[in-house]
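This report concerns only the one structure given below.
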Amino acid sequence: MSSKKPNKTPQAIRGTQDIFGPDAEAFAFVVETFERVRKLYRFRRAEMPVFEKTEVFSRAIGETTDVVSKEMYSFDDRGGESLTLRPEFTAGIARAYLTNGWQQHAPLKLATHGPLFRYERPQKGRYRQFHQLDAEIIGAGEPQADVELLAMADQLLKELGITGVTLHLNTLGDADSRDAWRGALVEYFRAVQGELSEDSQERLEKNPLRILDSKDRRDQKFVADAPKIDAFLSDEALAFFEAVTSGLDAAGVQWTRAESLVRGLDYYRHTAFEFVPDEGSEAAGLLGSQSTVLGGGRYDGLMESLAGPATPAVGWAAGIERLAMLCNGTGCEQLEVAIAAENSDREGEAAEMAAAFRYAGFSTEVFASGSPKKRYDKARKAEPAILISLDVRDGASANNLSALDQDYQREADAAEIFAARTGG
RNA sequence: GCGAUCGUAGCUCAGUUGGUUAGAGCGCCGGUUUGUGGUACCGGAGGUCGGGGGUUCGAGACCCCUCGAUCGCCCCA
């Protein structure tokens, strides 16, 4: 919107959001549930800076990835150093782990959440400033770590009340398995190169694994018969994957094998996973095409890219906005007590009574502004469990308490406070 | 970076093949009615129809440009 007016209200930055109302309640509900669940699994809370030296991300994530090559918010600070707003958590966590000597706590279970930044075109479920939950287990190379991490993710989704979402699981094998598989895929797709989509012809050079989850029909007919990772897995890699899957079964985590699931970033090895809405489910409809709600995997090579010791690790991240879309309507709690001061002489008492209710642990709202005659209706429209009217009739105080919600449990306690305050 | 759709009151939206002074509902403010009650009625504030240019006797509507939003591709949570 261009305008000659000098004092036009500035607009928010593209891809940023002002979250309010039910959306904000759902957002808070997601974060609160995550905090509760991570404590059950004894993941320790950590806070990292929102920005880092650019090289933290370019080295850890990979120069050639889209995230680094075209999606980072980078800028020079006043000393001329290139800094970047974090596009993901893992690289910063790895840096913190190394610079703070957190090796002493290994194996370390870490959880955090907060804003991330990526310069992309916004669309449904995707923003330039977005928010993620993040959980990592660092310094644990055993498949049990993958299982515990996934069990936590699964419980989180259940506690959020999210249904119609299942765990898609794959293995990328160890470095050798992955390289051999990649070579076979390149060979296979090169043979039919001319029939692939334009995007996939390019992927063949840059990131052949990505062809496997192409949405283009021209690609999909070849994907079905493409070489499978299973044929290239070393004995160790196979044993690792079997330990993960049997551990998930033992923990009661539902999963499905997704042979063409590959993760975008270079550092993933072995386990790769995503929680994705089932086709045709309500969740799928709510999310649009940005459907992955939680994703991650094992990244055994990451620490070395930051000049640290070889350190096995697994982690996942989940988009808070996407999770919140799936649990809208939850998190918004009912108003317990509404107090309508229907006469301006009662406004002071209404405030005092509200304080009494609030100290007793009742969520309370006072209606004492605007036309006195319309305050009762306003209070009523707030749909409280208990509605209290303070009025003046024939020169004397007139008080009334009515219970509007039949199922409300604390009515007797509320009535007691009301009676004590009104001398009745 | 590419593509599609869309910008009218604080919000949700009408607005006919271009035709007087741009409307409704909700919300907000005030009044009348009611007087232990989610009432009804009346009134008010609030819009250079995203911005600029063009076509026309006449543009909210048609054309071009621009800004913005939404959704999709790429990529990803």
Side-chain angles (χ1 to χ4, degrees), chain A residues 1-5 8-17 20-21 30 61 64-72 86-90 113-135 153 165 197-200 202-203 206-207 210-211 213-216 261-265 273-277 287-297 315-326 338 340 342-343 367 369-384 387-394 398-402 404:
Chain A
M1 226 188 282
S2 65
S3 172
K4 289 163 205 157
K5 281 191 180 177
K8 190 92 181 169
T9 305
Q11 289 184 310
I13 305 299
R14 182 197 296 270
T16 64
Q17 352 162 48
F20 177 70
V30 170
I61 300 170
T64 61
T65 59
D66 280 19
V67 170
V68 170
S69 62
K70 55 188 203 192
E71 293 173 2
M72 293 206 300
R86 62 186 180 195
E88 59 145 49
F89 278 114
T90 309
H113 62 83
L116 303 170
F117 305 85
R118 243 120 99 165
Y119 191 89
E120 298 181 277
R121 283 299 287 272
Q123 60 193 71
K124 192 182 185 86
R126 166 201 278 177
Y127 308 94
R128 287 187 173 180
Q129 178 179 338
F130 59 108
H131 302 81
Q132 283 185 350
L133 312 172
D134 187 273
V165 170
S197 68
E198 297 75 20
D199 282 336
S200 284
E202 204 171 311
R203 282 191 273 240
K206 279 177 59 186
N207 196 351
R210 285 259 137 220
I211 300 175
D213 53 15
S214 168
K215 289 172 186 171
D216 197 302
L261 172 67
V262 296
R263 302 286 309 156
L265 307 178
F273 54 86
E274 287 177 354
F275 284 80
V276 189
L287 283 172
S289 65
Q290 260 58 48
S291 55
T292 300
V293 107
L294 183 154
W316 55 248
I320 298 178
E321 289 89 347
R322 293 183 189 177
L323 291 172
M325 282 190 267
L326 299 184
E342 297 197 75
N343 185 296
F367 294 83
S369 64
S371 170
K373 292 181 179 182
K374 290 180 176 173
R375 292 175 189 172
Y376 184 87
D377 284 349
K378 275 197 216 170
R380 183 103 201 195
K381 281 179 184 165
E383 297 184 349
L387 175 52
I388 289 170
S389 159
L390 303 181
D391 202 354
V392 176
R393 291 283 164 77
D394 305 320
N399 310 305
N400 181 260
L401 179 149
S402 49
L404 303 179

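Computed from a prediction, not measured in an experiment: that's the story for all the values here. In the text below, chain A, chain B and the rest are named by the order of the sequence lines, each starting its count at 1.
Between A:Asp213 and A:Val262, the closest side-chain pair of non-hydrogen atoms falls below 4.5 Å. You'll find the side chain of A:Ser214 reaches within 4.5 Å of the side chain of A:Arg203, heavy atoms only. Side-chain contact between A:Pro115 and A:Arg86: present, with at least one pair of heavy atoms (C-beta onward) separated by less than 4.5 Å. A:Leu287 places a side-chain heavy atom less than 4.5 Å from the side chain of A:Val293. Residues A:Pro87 and A:Ile61 meet the side-chain proximity criterion, which asks for heavy atoms closer than 4.5 Å.
To the nearest whole angstrom, the two C1' atoms, one in B:U39 and one in B:G31, are 16 Å apart. For the P atoms, the distance from B:U36 to B:A45 is 35 Å, rounded to whole Å. A gap of 15 Å separates the P atoms of B:U70 and B:C11, to the nearest Å. Comparing the same atom, C1', in B:G35 and in B:C29 gives a spacing of 23 Å after rounding to whole Å. Between B:G18 and B:G60, the distance separating the two P atoms is 13 Å to the nearest Å. With P as the reference atom, B:C65 and B:U5 are 14 Å apart, rounded to whole Å. A gap of 15 Å separates the C1' atoms of B:U8 and B:G68, to the nearest Å. Across B:G30 and B:G23, the matching P atoms stand 26 Å from one another, rounded to whole Å.
Closest to the side chain of A:Glu342, out of B:U70, B:A69, B:G37, is B:G37. Counting only heavy atoms from C-beta on, A:Lys373 has its side chain closest to B:G35 among B:G35, B:U70, B:A69. Comparing B:C75, B:C73, B:G35 against the side chain of A:Arg121 picks out B:C73 as the nearest. Comparing B:C71, B:A77, B:G37 by their closest approach to the side chain of A:Gln123 singles out B:C71.
Looking at heavy-atom distances under 4.0 Å, A:Gly125 makes contact with a base. At the heavy-atom level, A:Ala398 lies under 4.0 Å from base atoms of the strands shown. Contacts of A:Lys378 with the nucleic acid, taken as non-hydrogen atoms under 4.0 Å apart, involve only primed sugar atoms and P, OP1 or OP2. Residue A:Glu198 is out of contact with every strand shown, counting any heavy-atom pair closer than 4.0 Å. Residue contacts shown for A:Thr292 are limited to sugar-phosphate atoms, with no base heavy atom under 4.0 Å away. Using a 4.0 Å heavy-atom distance criterion, A:Val67 is classed as making no nucleic acid contact. A:Phe89 comes within 4.0 angstrom of nothing in the nucleic acid, heavy atoms only. A:Glu71 comes within 4.0 angstrom of sugar-phosphate atoms only, judged by non-hydrogen atoms across all strands, and of no base. If you check every strand for non-hydrogen atoms under 4.0 Å, A:Asp66 touches sugar and phosphate atoms only.
Within the 4.0 Å cut-off from OP1 or OP2 of B:C73, at least one side-chain nitrogen or oxygen of A:Ser289 is found. For the OP1/OP2 pair of B:C75 and a distance below 4.0 Å, the side-chain nitrogens and oxygens of A:Arg203 include at least one atom meeting the criterion. Regarding contacts with the backbone of B:G27, a side-chain N or O of A:Lys381 is found under 4.0 angstrom from either OP1 or OP2. In terms of phosphate contacts, A:Lys215 brings a side-chain nitrogen or oxygen within less than 4.0 Å of OP1 or OP2 of B:C73.
As a whole-Å value, the separation of A:Leu404 CG from B:U36 P is 16 Å. For the pair A:Tyr127 OH and B:C71 P, the computed distance is 7 Å after rounding to whole Å. The NZ-P distance, from A:Lys374 to B:G43, rounds to 13 Å in whole Å. Rounded to whole Å, the distance from CG on A:Asp391 to P on B:U34 is 16 Å. Whole-Å rounding puts the A:Arg380 CZ to B:U36 P distance at 14 Å. Atom pair A:Ile61:CD1 and B:A77:C1' shows a separation of 13 Å (rounding to whole Å applied). Put simply, NZ on A:Lys124 is 17 Å from P on B:A69, counting in whole angstrom units. What separates CE of A:Met325 from C1' of B:A77 is a distance of 10 Å, to the nearest Å.
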Contacts table for residues 126-135 of chain A: side-chain donor-acceptor under 3.5 angstrom, sequence neighbours left out:
unit_1: A:Arg126; atom_1: NH1; unit_2: A:Arg121; atom_2: O; d: 3.4
unit_1: A:Arg128; atom_1: NE; unit_2: A:Glu120; atom_2: O; d: 2.7
unit_1: A:Arg128; atom_1: NH2; unit_2: A:Glu120; atom_2: O; d: 3.4
unit_1: A:Gln129; atom_1: NE2; unit_2: A:His131; atom_2: NE2; d: 3.4
unit_1: A:His131; atom_1: ND1; unit_2: A:Glu321; atom_2: OE2; d: 2.7

May I have the list of side-chain donor-acceptor pairs in residues 372-381 of chain A shorter than 3.5 Å, sequence neighbours left out?
unit_1: A:Arg375; atom_1: NE; unit_2: A:Ser369; atom_2: O; d: 3.4
unit_1: A:Arg375; atom_1: NE; unit_2: A:Gly370; atom_2: O; d: 3.3
unit_1: A:Arg375; atom_1: NH1; unit_2: A:Ala341; atom_2: O; d: 2.6
unit_1: A:Arg375; atom_1: NH1; unit_2: A:Glu347; atom_2: OE2; d: 3.1
unit_1: A:Arg375; atom_1: NH2; unit_2: A:Glu347; atom_2: OE2; d: 3.1
unit_1: A:Arg375; atom_1: NH2; unit_2: A:Ala368; atom_2: O; d: 3.4
unit_1: A:Arg375; atom_1: NH2; unit_2: A:Gly370; atom_2: O; d: 3.1
unit_1: A:Lys378; atom_1: NZ; unit_2: A:Ser369; atom_2: O; d: 3.4

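Scanning both residues, A:Val276 and A:Ser291, for their nearest heavy atoms gives CG1-OG, 4.0 Å. Taking both residues in full, the closest heavy atoms of A:Ala153 and A:Phe275 are given as CB-CE1, 3.8 Å, listed atom of the first, atom of the second, then distance. Between A:Leu323 and A:Ala318, the shortest heavy-atom distance links the atoms CD1-CB, 3.9 Å.
Contact of A:Arg118 with B:C75 (side chain to base): no donor-acceptor pair of N or O atoms is detected under 3.5 Å. Between the base of B:C74 and the side chain of A:Arg210 there is no donor-acceptor pair shorter than 3.5 Å.
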Output the pairing pattern of RNA chain B as a dot-bracket string, 5' first, Watson-Crick or G-U wobble with both distances under 3.5 Å, | for cross-strand pairs, [ ] for crossing pairs. (((((((..((((.....[...)))).(((((.......))))).....(((((..]....))))))))))))....
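With centroids closer than 5.5 Å and planes inclined by less than 30 degrees as the test, A:Tyr376 and the base of B:G38 fail to qualify as a stacked pair.
Not one N or O on the side chain of A:Arg118 forms a donor-acceptor pair closer than 3.5 Å with the backbone of A:Val67.
When each of A:Arg393 and A:Arg128 is assigned the nucleotide of RNA chain B bearing its nearest heavy atom, the one mapping closer to the 5' terminus is A:Arg393. Between A:Ser369 and A:Gly295, the one whose closest nucleotide on RNA chain B sits nearer the 5' end is A:Ser369.
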